[in-house]
Amino acid sequence: MSIRIHKPGLLTTVQDLGRTGYGKYGVIVSGAMDRTAHRIANWIAGNDDSAAALEITLSGFVAEFDQDHWIAITGGHMSPVIDGRDVPMWRPVFVRRGSRLIFKRPVSGCRAYLAVSGGLDVPVVMGSRSTYLRAGIGGFEGRALRAGDELPVGQGRLRALAALTGDDSFYAVSWTVPWSVIPAYSSNPEIRFIRGRQWEDFTLHSRQAFAESSYKVTPHSDRMGYRLAGPSLMLESPREYLSEAVALGTVQIPADGQPIVLMADRQTLGGYPKIAQVISADLPVMAQAAPGGHIQFREVTAREAESLYICQERKLKRLEMMVRLKLKEGYHVRGGFKL
Amino acid sequence: MAWSFYPLGDSAVLVEFGQSISAKIHKEIRAAVHRIEQDPFPGFIECVPSFAAISVFYDLAALRIPERNRTAFGHVCSILRDKLMPTGDGQHAESTRIIDIPVCYGGEFGPDLGHVAELNGLSEEGVVSIHAGGQYLVYAIGFAPGFPYLGGMPDTIAAPRKKTPRLRIPAGSVGIAGSQTGIYPIETPGGWQIIGRTPLELFRPGDSPPTLLQSGDYIRFCPIGPEEYRRLRGMQP
């Protein structure tokens, strides 16, 4: 069982929830940029949180299924199409062998997740299947996908029944994930932050500018970090800081005064001053901000940040249970057929 | 001992032990990391130590926060306060490792050796004997897998970073940046002055732990010739 890649598009990698526990050895976390979309895709495909899926960036991705598969597509909307028909996202889709999935053009967000029932069966390296591009480990041969790659797929829990589709190349079930749990992707999102460790070291003007101006997402943004352009942010008095650990969503300010928001492939330690920290609840939306868009930051308290995340996690846990129940119930299809 | 606690966002606490690079602070940090890892709290993910701080990452949704701690940050700080306190009896006795790093200095492996020598008014041999004459403490590992943050390089061979970074620095390259020295474990772009290269592999993804060097090790650089470099390089798996 495998998926054959015809075109990888801009950047397609195998990701799970990342490689934790090795930070003290300088090994980065990696993992899906939009963890919420990644997890939901896995649940819908009948997998656990930890299964590996594809992270597909913007457009140009073309793949073929050599077997019948249950799949799920979540995250940014890249206009997925199979044999000329739009494939609905955020719900289980049964695809027939030989069908070809194409991502046509980005409509919202910039990263889509493709989960397959059974998960992508690539080797686990240091506890994770995530691709660590710079070190060349994890994922599929430690690299971004290329045309001609055949990705192995594990044994899934969802039964494949050809009768579902009739003559069509795919069948999508009627239920979908409620909109209320899908991150509110926007090309110009409002992103909430709490103060960073060196917040007070910046000039008053810089602190105000960060909180009140909008920052453009530059094309130099990638899985390592989002490079933003806007009012320059300066320290009250320039100084050197000892390198220390950075986190997902850390906003650091290098000497040119333009913010960098650190993302999934961030290095473990950094020496630039940290003006702010994007709250965990807003990281999925941040991860889907496409180059050219604008970000408006808004300050919240640490307590608000914590409760927003805990509240979001509760919603997701409920969703996970609901999806599992639905999958057990079976798929209502034409003719009252169930599996 | 006074610690300062800072939130590193909503899912990590940064504990600052001081604001300078010192072997004493480093030792305290290692002992504290050991105590936290030996008895992890519910929701604990990992510790990432640096020169003078430890960052403790946790899963916000998996913490068990008692009423009296209104915030997760407060809860984790109170757990850490208990764990940071040296226990006296439970001190872990670790042997100090001293690791020899063979380095082929100059030539094709160290294109900037001449420049570093010139800057400091030394001969190339002079730079090598100073660089290889000392013992360096590995304060932390970071930036790249297995990259050592070293202390102990004499200022007499310091050299500023290159104005334009090289696009590709081969794995094993030994460099100088300001008064720091280090070894690139994997090929990466970089602006350090490259004075030599080691045949040893610093990042070993198949091993446990996955790096040759760890925080707390001491290293010594041992000069070798190009033939010895190739022989050692060929011997490695």
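Proteins come first, then strands; the chains are lettered A, B, ... in the order of their sequence lines, and each starts at number 1. The basis for the numbers below is simple: all heavy atoms, side chains too, and nothing from hydrogens, waters or symmetry mates.
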Fill in: Contact origin within A:Y132 toward chain B - heavy atom pairs under 4.5 Å
side chain

Fill in: Within 6.0 Å of CZ in B:R166, more than 12 heavy atoms from elsewhere
yes

Worksheet item: Is a side-chain N or O of A:Q267 found less than 3.5 angstrom from the main chain of B:A144, in a donor-acceptor match?
Response: no

Discussion item. Only pairs of heavy atoms separated by less than 4.5 Å count here; which of A:A281, A:G26, A:G196 has the most with chain B?
Written reply: A:G26

Worksheet item: Most heavy-atom pairs under 4.5 angstrom with chain B, which of A:G271, A:G249, A:S307, A:A247?
Response: A:A247

Item to complete: Decide yes or no for B:F57 and A:T20: does some side-chain heavy atom of the first lie under 4.5 Å from some side-chain heavy atom of the second?
Response: no

Worksheet item: Any chance CZ of B:R68 has more than 12 other-residue heavy atoms, nucleotides or ligands included, within less than 6.0 Å?
Response: no

Response to the item:
The reported gap from OH in A:Y22 to OG in B:S208 (rounded to nearest 0.5 angstrom) is 6.0 Å

Practice prompt. Please state whether the side chain, the backbone, both or neither of B:P189 comes within less than 4.5 Å of a heavy atom of chain A.
Written response: side chain

Worksheet item: Atom CD of B:Q180 and atom OG of A:S243: how far apart are they, to the nearest 0.5 Å?
Response: 7.5 Å

Discussion item. If you count heavy-atom pairs within less than 4.5 Å of chain A, which of B:P148, B:S11, B:G74, B:P209 leads?
Written reply: B:P209

Fill in: Contact winner vs chain A - B:I186, B:I21, B:L60, heavy-atom pairs under 4.5 Å
B:L60

Practice prompt. Look up atom CD in A:Q277 and atom CG in B:D10, then write down how far apart they are to the nearest 0.5 Å.
Written response: 7.0 Å

Fill in: Leading residue by heavy atom contact count with chain B [cutoff under 4.5 Å; candidates A:L248, A:V278, A:L308, A:V246]
A:V246

Discussion item. Between B:L14 and A:E244, is there a side-chain heavy-atom distance shorter than 4.5 Å?
Written reply: yes

Worksheet item: Based on non-hydrogen pairs under 4.5 Å, which of A:V27, A:T268, A:L242 is most in contact with chain B?
Response: A:L242

Fill in: Verdict with reasoning, B:T211 to A:Y25, per side chain to side chain contact (heavy atoms under 4.5 Å, CB included)
CA-CA 7 Å; B:T211 53; A:Y25 302 118; 3.4 Å; yes

Worksheet item: Is it true that a side-chain atom of A:E306 and a backbone atom of B:F73 form a donor plus acceptor pair closer than 3.5 Å?
Response: yes

Item to complete: Check A:A245 against B:S50 and note the closest heavy-atom contact, atom names and distance.
Response: N-OG, 4.2 Å

Discussion item. For the OH atom on A:Y272, are there more than 12 heavy atoms of other groups (residues, nucleotides or ligands in this structure) within a distance under 6.0 Å?
Written reply: no

Practice prompt. Return the option, out of B:F51, B:Y139, B:Y149, with the maximum number of heavy-atom pairs under 4.5 Å with chain A.
Written response: B:Y149

Fill in: Region of A:Y309 in contact with chain B, defined by heavy-atom distances below 4.5 Å
side chain

Discussion item. What part of A:I310 gets within 4.5 angstrom of chain B, counting heavy atoms only: side chain, backbone, both, or neither?
Written reply: side chain

Discussion item. What I want to find out is whether A:K24 reaches B:E37 closely enough, with some N-O distance under 4.0 Å, to be called a salt bridge.
Written reply: yes

Worksheet item: Counting heavy atoms not belonging to B:Q135, are there more than 12 under 6.0 Å from its CD?
Response: yes

Worksheet item: Of the backbone (N, CA, C, O) and the side chain (C-beta and beyond), which part of B:S20 lies under 4.5 Å from a heavy atom of chain A, both, or neither?
Response: backbone

Practice prompt. Let me know if A:T250 has heavy atoms under 4.5 Å from chain B in its side chain, its backbone, both or neither.
Written response: side chain

Practice prompt. Look at atom CD1 of B:I98 and say whether more than 12 heavy atoms of other residues, nucleotides or ligands are closer to it than 6.0 Å.
Written response: yes

Worksheet item: Who among B:G146, B:A171, B:A72 has the most heavy-atom pairs with chain A under 4.5 Å?
Response: B:A72

Fill in: Neighbours of chain B found in residues 312-321 of chain A - heavy atoms under 4.5 Å
A:E313

Worksheet item: In terms of side-chain geometry, is the basic nitrogen of B:E16 or A:R197 positioned less than 4.0 Å from the acidic oxygen of its partner?
Response: yes

